[in-house]
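Taking it in order: structure first as structure tokens, then the write-up.
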Amino acid sequence: NCRSQLSPCGYGRRVLRAGSGSAVNGDGVKAAAQASARALAAAHLRSVGLAVVFAGARHEDDEFRGVLGAVARATNAASLIGCSTTGILTATHELENASAVAVLVLGSDARLPTPLVESGVRSDPRGAGLRLGREAVADLAGQVAGAPVGVLVVPHALAAPAFLAGVADVALARTITG
């Protein structure tokens, strides 16, 4: 288990590096750049396979595009995912109702799973979960034993029991978080 903010974690011959950073700034682009720099420094990386972004809800819709753009430029991430939030938790900070941005970066000498996007969560939660589960199994080439599934979704749009049952039925995930 890798529990620290900075760690190269060995899985057999594979090494995963992870780091997180956060920043509070009324300008979402500046906060994103600062949080990205801190995450990269914590992981001792210059570019990453995956960047996960959480942007405080006080940033407006247009600024979210700027936040994602700033993270993409700073991290050179192969994949970028994220969502807005009212609270941000990192290994060292808890920021609620702030103009904050938190970034988690992951780099590995092995291929990281591709972020998957699924629509229809509100209208057909179980079907959306099944589709997401199938995509995850395909992306992992059927090697799902021990693979965690992370879900980012607007909570009020989610019928969680039906959605999670759909994911678990197909992907047989033991750990689903979000």
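We're numbering straight along the sequence, starting at 1.
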Could you tell me which non-hydrogen atom of [X] sits nearest to which non-hydrogen atom of [Y], and how far apart they are?
X   : Y   : answer
L40 : A74 : CD1-O, 3.2 Å
A77 : A51 : CB-CB, 3.9 Å
A39 : G21 : CB-N, 3.6 Å
G56 : F64 : O-CE2, 3.7 Å

Given side-chain contact (heavy atoms from CB on, under 4.5 Å), test V103 with F54 step by step and report yes or no.
CA-CA 6 Å; V103 177; F54 297 95; over 6 Å; no

To the nearest 0.5 Å, how far apart are [atom1] in [X] and [atom2] in [Y]?
X    : Y    : atom1 : atom2 : result
D27  : Q34  : CG    : CD    : 9.0 Å
R46  : N76  : CZ    : CG    : 11.0 Å
D139 : R134 : CG    : CZ    : 15.5 Å
T75  : L106 : OG1   : CG    : 11.0 Å
I88  : S20  : CD1   : OG    : 11.5 Å

Going by side chain to side chain contact (heavy atoms under 4.5 Å, CB included), name the residues that satisfy it together with [X], two or more places apart in sequence or in a different chain.
X    : value
A162 : P125, R126
A32  : V67, A70, V71, V101
L68  : V53, L80
P115 : L50, S79, I81

Under 3.5 Å donor-acceptor, R38 side chain and S22 backbone:
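Flag set: sc R38 to bb S22 pair under 3.5 Å.
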
For R131, enumerate each residue passing the side chain to side chain donor-acceptor pair (under 3.5 Å) test, keeping only those at least two apart in sequence or located in another chain.
E118

Counterpart residues, side chain to side chain donor-acceptor pair (under 3.5 Å), relative to R73 (two or more places apart)
none

